[in-house]
Amino acid sequence: MKGRVKWWCEEKKYGFIEYNETDLFAHLEENEKSTIIENQEIEFTVEEKNNSTYLHILKIVEN
């Protein structure tokens, strides 16, 4: 899946990814080194687990 970073807080490593007119919450783990900025295109997967939706960022798409 591909989406665009709608809003991101680099300090706290979380934000929202826009996908099919829906905003998905995303959070990077402390050990993840990615730098994410608003309007970047990213590839990700979504996992449903324990009645929650988890977004896993796979990579940042280079323009």
Side-chain angles (χ1 to χ4, degrees):
M1 302 174 148
K2 284 187 182 179
R4 188 162 301 280
V5 179
K6 184 172 185 176
W7 179 85
W8 191 260
C9 176
E10 184 61 29
E11 179 182 334
K12 296 184 179 182
K13 302 286 187 191
Y14 74 89
F16 292 92
I17 309 301
E18 186 175 29
Y19 174 74
N20 284 345
E21 300 180 14
T22 301
D23 294 341
L24 303 172
F25 178 78
H27 183 267
L28 291 180
E29 300 295 325
E30 286 186 33
N31 60 349
E32 293 184 81
K33 302 290 185 201
S34 297
T35 299
I36 295 175
I37 58 174
E38 292 175 11
N39 294 316
Q40 277 182 315
E41 190 174 344
I42 61 165
E43 289 185 13
F44 61 92
T45 61
V46 174
E47 175 186 6
E48 297 287 333
K49 183 177 175 182
N50 299 328
N51 295 324
S52 296
T53 301
Y54 296 91
L55 185 146
H56 301 283
I57 296 173
L58 301 176
K59 73 175 188 174
I60 299 168
V61 178
E62 300 295 326
N63 292 333

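Both Phe44 and Trp8 are members of a single hydrophobic cluster when ILVMFWY side chains are connected at heavy-atom separations under 4.5 Å. Connection of Phe16 to Leu55 is not established within any shared hydrophobic cluster, with ILVMFWY side chains joined at heavy-atom distances below 4.5 Å, either directly or through further cluster members.
Shown here for His27 and Tyr14, the closest heavy-atom pair between the two residues is CD2-CB, 3.6 Å. Between Thr35 and Ile60, the shortest heavy-atom distance links the atoms O-CD1, 3.3 Å.
Rounded to the nearest 0.5 angstrom, Gln40 CD and Ile17 CD1 are separated by 9.0 Å. Distance NZ/Lys59 to CD/Glu41: 10.0 Å, rounded to 0.5 Å. Atom CD1 of Ile37 and atom CD of Glu10 lie 9.5 Å apart (nearest 0.5 Å). Atom CD1 of residue Ile36 and atom CD1 of residue Ile42 lie 6.0 Å apart, to the nearest 0.5 angstrom.
Aromatic ring centres of Trp7 and Phe25: separated by at least 6.0 Å.
For the pair Thr45/Met1, no side-chain contact is recorded, criterion being any heavy-atom separation below 4.5 Å from C-beta on.
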*Check the pair Arg4, Asn39 against side-chain contact (heavy atoms from CB on, under 4.5 Å), reporting the backbone distance first and the verdict last.*
CA-CA 6 Å; Arg4 188 162 301 280; Asn39 294 316; 4.3 Å; yes
